[in-house]
*Asks:* 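Sharing a structure, written as structure tokens. Questions coming.
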Amino acid sequence: MARKHPRPEVSRRKFLAGAAVAGATTALAPPAANAAATTDASISAPRRPSALPPTMQVAVAETATPKELPRIGGVAGSDFMVDVIKTLDIKYLPSNPASSFRAVHESLINYGGNKTPEFLTCAHEESAVGMAHGYFKVAGKPLLTLCHGTVGLQHAAMAIYNAWCDRVPVIVVGGNDLDAAHRPPGVPTFHSAQDINALVRDFTKWDDTPVSLQHFAQSFVRAYKISMTPPYGPVAISLDAGLQQEPIRDNGEKLYIPRYVATSPPQGDSGAVKEAARLLANAQNPVIVVDRAARSENGVRLLVQLAEALQAQVIDQGGRMNFPNTHYLRRPPTAVSNADVIIGLELSDFWATVNAYIDNGEHGIGVNTTRIKPDTKLISINSSELLTKANYQDFQRFQSVDVSMAADAEATLPALIEAVKAAIPSDRKAAIEKRGEAARKAFAEARERARQAAALAWDASPVSTARLVMETWAQIKDLDWSLASSSGNVSNWPNRLWPMERYYHWLGASGGYGVGYGAPASVGAALANRDLGRFSVSIQSDGDLMYAPGVLWTAARHKITLLAVMHNNRGYHQEVMHVQRLSNFRNRVASLGGDMGPIGTSIENPDIEYHKLAESMGWWAKGPIKDPAQLGPALKEAVAVVKSGQPALLNVWTQPR
Ligand SMILES: Cc1ncc(C[n+]2csc(CCOP(=O)(O)OP(=O)(O)O)c2C)c(N)n1
Ligand SMILES: [Mg+2]
């Protein structure tokens, strides 16, 4: 990095030389460090054998009490960074430590008092970002994570991709030592790159590499602002180690922190809103499809208003808790087939909403069929159109729609509701009311069918997924509960049978379907719920937990209360089905691994003792529960433990799904 300014009072070079003497690194042997003040030591010094016996200094550094480091004069640059960070009221900083951000780490603790943000020790960078992801969906506020800019960011990448696909803001700051001439050789140089942000640029909204403290202040506030403007998304900042470590240079320029003012979300164009309202108001059978439409409790209220004004059926695809599943207008995805007008609000996949892809064509190639009538009018309000990048395919297949608004659905709903009310012709009001009556009947019938289906194999062992979910419900229903995450596949039982009415009852899934989201996201969501006095429960699948189980320790360490009920089907069941399907296509018997179960997809023999795993990291845990009769009493005990302040896990053996 080219630095414009003259050298600071205490140069980073001297600091590092001091650090070497104090034993921070044996690689920076004093002769080289001293000689480097004038010329490059490697040019003038005679070649030395590579395995040197320890010098006096090295031996002392490795065995003796380290000498006190020389003091840096002035104010540390990273203290100013902490001042900047503190203006944004970020409550937590889940992170795995690394030397590339040691200066800002030190400032956060000793200068910032480890408050706003509070450092939460994470065992994996993916867990840190996953926690931030889950936290946002409850709190509506982003978290900051610091990571080792190369290897740490590589670990964080999948979780950042999930956040990107799920339109969730996360502020990712990666430490990186840019100055090749001055950074320590060896590991810190392995862990440096020209441009760490390149790793995640395809799935972050914005990134920057500040080269001065003032630049950092601008970048950080800008990053926060961009990530918090709908459509939300993760952002990345590369933080140079030198910039963090050096003192503030007093060159007559006063550092300042730009004020953060939230950007208002983009609203649909008024002409397009009017046209959409006209189509909806005159439709015989309008259908509202929602995915990430509601960003808040108010969003849920607005959707109910829109649906009731039209007595339109609502299909909730579940990216968020958009619409109460207890409302009589709630319908299953098949309801699109009779629609003459469909409005999609923040759909991640409009094409698959109105088309079906059936994975059983010839040679394993899927077959596409339409789900809707040919003249159905389509309307879309989707802020994701403002956030499309080329490489990753999260934008899905292209779907032509008749009225298309690149706008935030929740922000557009008030105008749309008004426009719909104004556009309903008075002679259609009776017909619209009638639609509501039919919907009530269909809703009641569907609910009864779901209840009957849940009763199937009620006493089966291992436990049926419906029983797992409903026994859990029986123990939490009187609490102010939040389903922090549901990983694996439990046939959607919570969404089908738990009454979900509040925004935090359901938080959606990972967004990018990168498995390993469930465990950290539930801990992050539980953290936000804890601060709001709510009870968090998760359905935790076995495959998901094994990607990075260390997040269990983070939960226990930081007193994050969560009840994790395991859907332990002893396998990557979704993949069991895929291999089976291909075997069927090819008219072959699916390969079995003797007592190992399906090869490559079962997680058995040895069976993982998740209860012991959790216990070893500070959780109360019980299992394996195979007899469904034992589930209720165990859940009761676990709920009491969580209420007392400790996370609890039940290892329950379940049917595949
Ligand atoms: C990071 C990642 N690796 C692999 C996959 C492929 N995959 C999709 S579902 C699945 C199984 C997950 O197992 P589990 O969480 O136990 O859920 P189950 O299917 O058993 O209900 C896998 C491996 C993925 N989506 N993401
Ligand atoms: Mg599984």
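Atoms within each ligand, like the ligands themselves, are counted from 1 in listed order. By convention here, the first residue in the shown sequence is residue 1. Heavy-atom basis, side chains included; hydrogens, waters and symmetry copies ignored.
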*Asks:* List the closest protein heavy-atom neighbour of atom 21 (O) of ligand 1: residue, atom name, distance to the nearest 0.1 Å.
*Replies:*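 Going atom by atom, the protein heavy atom closest to atom 21 (O) of ligand 1 ends up being Asn489 N, 2.9 Å.
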
*Asks:* Ignoring hydrogens and angles, state whether a donor on the side chain of Asn651 or Asn568 is under 3.5 Å from an acceptor on the partner side chain.
*Replies:*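 Yes, Asn568 and Asn651 have a side-chain donor paired with an acceptor closer than 3.5 Å.
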
*Asks:* With respect to His567, which candidate in Asp542, Asn489, Thr654 satisfies the side-chain hydrogen bond (donor to acceptor under 3.5 Å, both in side chains) definition?
*Replies:*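 Among Asp542, Asn489, Thr654, the one that satisfies the side-chain hydrogen bond (donor to acceptor under 3.5 Å, both in side chains) with His567 is Thr654.
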
*Asks:* Return the minimal non-hydrogen interatomic distance between Arg530 and Lys559, and the atom names on each side.
*Replies:*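 Residues Arg530 and Lys559, closest heavy atoms: NH1-O, 3.0 Å.
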
*Asks:* Under a 4.0 Å heavy-atom limit, does Asp544 contact ligand 1 with its side chain, its backbone, both, or neither?
*Replies:*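 It is both backbone and side chain that touch ligand 1.
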
*Asks:* Provide the protein N, O or S atoms situated under 2.8 Å from the Mg ion (ligand 2); waters are not included.
*Replies:*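 Asp542 OD1, Asn569 OD1, Gly571 O, with waters left out.
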
*Asks:* Could you list the atoms of ligand 1 found under 4.0 angstrom from a heavy atom of Ser541?
*Replies:*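 Every atom of ligand 1 under 4.0 Å from some heavy atom of Ser541: 14 (P), 15 (O), 16 (O), 17 (O).
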
*Asks:* Taking all heavy atoms of Met500 and all of Trp506, pick out the closest pair and write down the distance.
*Replies:*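 For Met500 and Trp506, the tightest heavy-atom pair comes out as SD-CB, 3.6 Å.
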
*Asks:* Report yes if Gly514 has an N/O atom closer than 3.5 Å to an N/O atom of ligand 1; otherwise report no.
*Replies:*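 No, Gly514 has no N/O under 3.5 Å of an N/O on ligand 1.
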
*Asks:* At a 4.0 Å threshold, what atoms of ligand 1 neighbour a non-hydrogen atom of Tyr547?
*Replies:*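 Ligand 1 atoms under the 4.0 Å threshold to Tyr547: 2 (C), 3 (N), 4 (C), 23 (C).
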
*Asks:* Using 30° and 60° as the class boundaries, would you call the ring planes of Trp481 and His505 parallel, tilted or perpendicular?
*Replies:*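 Answer is parallel, since the angle falls under 30°.
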
*Asks:* Which heavy atom in Asn176 sits nearest to a heavy atom in Ser238, and how many Å separate them?
*Replies:*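 Asn176 and Ser238 have their closest heavy atoms at CB-OG, 3.9 Å.
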
*Asks:* Would you mind listing which atoms of ligand 1 come within a distance below 4.0 Å of any non-hydrogen atom of Met158?
*Replies:*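 Listed by number with element, the hits are 1 (C).
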
*Asks:* I need the atoms of ligand 1 closer than 4.0 Å to a non-hydrogen atom of Asn569, numbered in the order shown.
*Replies:*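 Under 4.0 Å from Asn569, ligand 1 has these atoms: 18 (P), 20 (O), 21 (O).
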
*Asks:* Is a donor from one side chain sitting under 3.5 angstrom from an acceptor on the other, for His148 and Ser100?
*Replies:*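 Yes.
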
*Asks:* Is Tyr572 in polar range of ligand 1, meaning some N or O pair under 3.5 Å apart?
*Replies:*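 No, there is no polar N/O contact under 3.5 Å.
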
*Asks:* Atoms of ligand 1 less than 4.0 Å from His573 heavy atoms?
*Replies:*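 Close to His573: 18 (P), 19 (O), 20 (O).
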
*Asks:* Look at ligand 1 and say whether Gly516 reaches it with a heavy atom at a distance under 4.0 Å.
*Replies:*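 Flag not set, Gly516 not near ligand 1.
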
*Asks:* Under a 3.5 Å threshold, yes or no: a donor from one side chain and an acceptor from the other, between Glu346 and Ser383?
*Replies:*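 Indeed, the side chains of Glu346 and Ser383 share at least one donor-acceptor pair under 3.5 Å.
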
*Asks:* Does an N or O anywhere in Arg657 fall below 3.5 Å from an N or O of ligand 1?
*Replies:*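 No; the residue has no nitrogen or oxygen that sits under 3.5 Å from a nitrogen or oxygen of the ligand.
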
*Asks:* How close do Ser485 and Ser522 get, counting heavy atoms only, and between which atoms?
*Replies:*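 Closest approach of Ser485 to Ser522, heavy atoms only: OG-CB, 3.5 Å.
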
*Asks:* Atom 2 (C) of ligand 1: which of Ile539, Val515, Leu545 has the nearest heavy atom?
*Replies:*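 Heavy atom nearest to atom 2 (C) of ligand 1 belongs to Val515.
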
*Asks:* If you count the atoms of ligand 1 from 1 in the order shown, which ones are under 4.0 Å from a heavy atom of His567?
*Replies:*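 The atoms of ligand 1 under 4.0 Å from a heavy atom of His567 are 21 (O).
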
*Asks:* Which heavy atom of the protein is the closest neighbour of atom 17 (O) of ligand 1, given with residue, atom name and distance?
*Replies:*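 Answer, as residue, atom name and distance: Gly488 CA, 3.3 Å.
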
*Asks:* Considering only heavy atoms of Gln574, which atoms of ligand 1 have at least one such atom less than 4.0 Å away?
*Replies:*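 Under 4.0 Å from Gln574, ligand 1 has these atoms: 9 (S), 19 (O).
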
*Asks:* Report yes or no: is the cationic atom of Arg534 (NZ for Lys, CZ for Arg) under 6.0 Å from the centre of the six-membered ring of Tyr504, at an angle within 45° of the ring normal?
*Replies:*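 Cation-pi check for Arg534 and Tyr504: passes.
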
*Asks:* Can you list the ligand 1 atoms lying under 4.0 Å from a non-hydrogen atom of Tyr513?
*Replies:*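 Per the distance check, 24 (C), 25 (N), 26 (N).
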
*Asks:* Minimum heavy-atom separation for Val490 to Leu468, with atom names?
*Replies:*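 Where Val490 meets Leu468 most closely, the heavy atoms are CG1-CD2, 4.4 Å.
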
*Asks:* What's the shortest heavy-atom distance between Met321 and Ala294, and which atoms?
*Replies:*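 That would be O-CB, 4.0 Å.
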
*Asks:* Below 3.5 angstrom, do we get any N/O pair linking Gly543 and ligand 1?
*Replies:*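 Yes, there is a polar N/O contact under 3.5 Å.
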
*Asks:* If the threshold is 4.0 Å, N to carboxylate O, is there a salt bridge linking Asp291 and Arg167?
*Replies:*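 No, no charged N to carboxylate O under 4.0 Å.
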
*Asks:* Can you list the steps and then say if Tyr92 with His558 is a ring pair (Phe, Tyr, Trp, His ring centres under 6.0 Å)?
*Replies:* CA-CA 11 Å; Tyr92 300 106; His558 294 285; 8.6 Å; no

*Asks:* Going by heavy-atom distance to atom 8 (C) of ligand 1, choose the closest among Met577, Arg570, Glu575.
*Replies:*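 Looking at heavy atoms only, Glu575 sits closest to atom 8 (C) of ligand 1.
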
*Asks:* For the pair Glu448 and Arg451, find out whether any cationic side-chain nitrogen is under 4.0 Å from an anionic carboxylate oxygen.
*Replies:*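 Yes, charged N to carboxylate O under 4.0 Å.
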
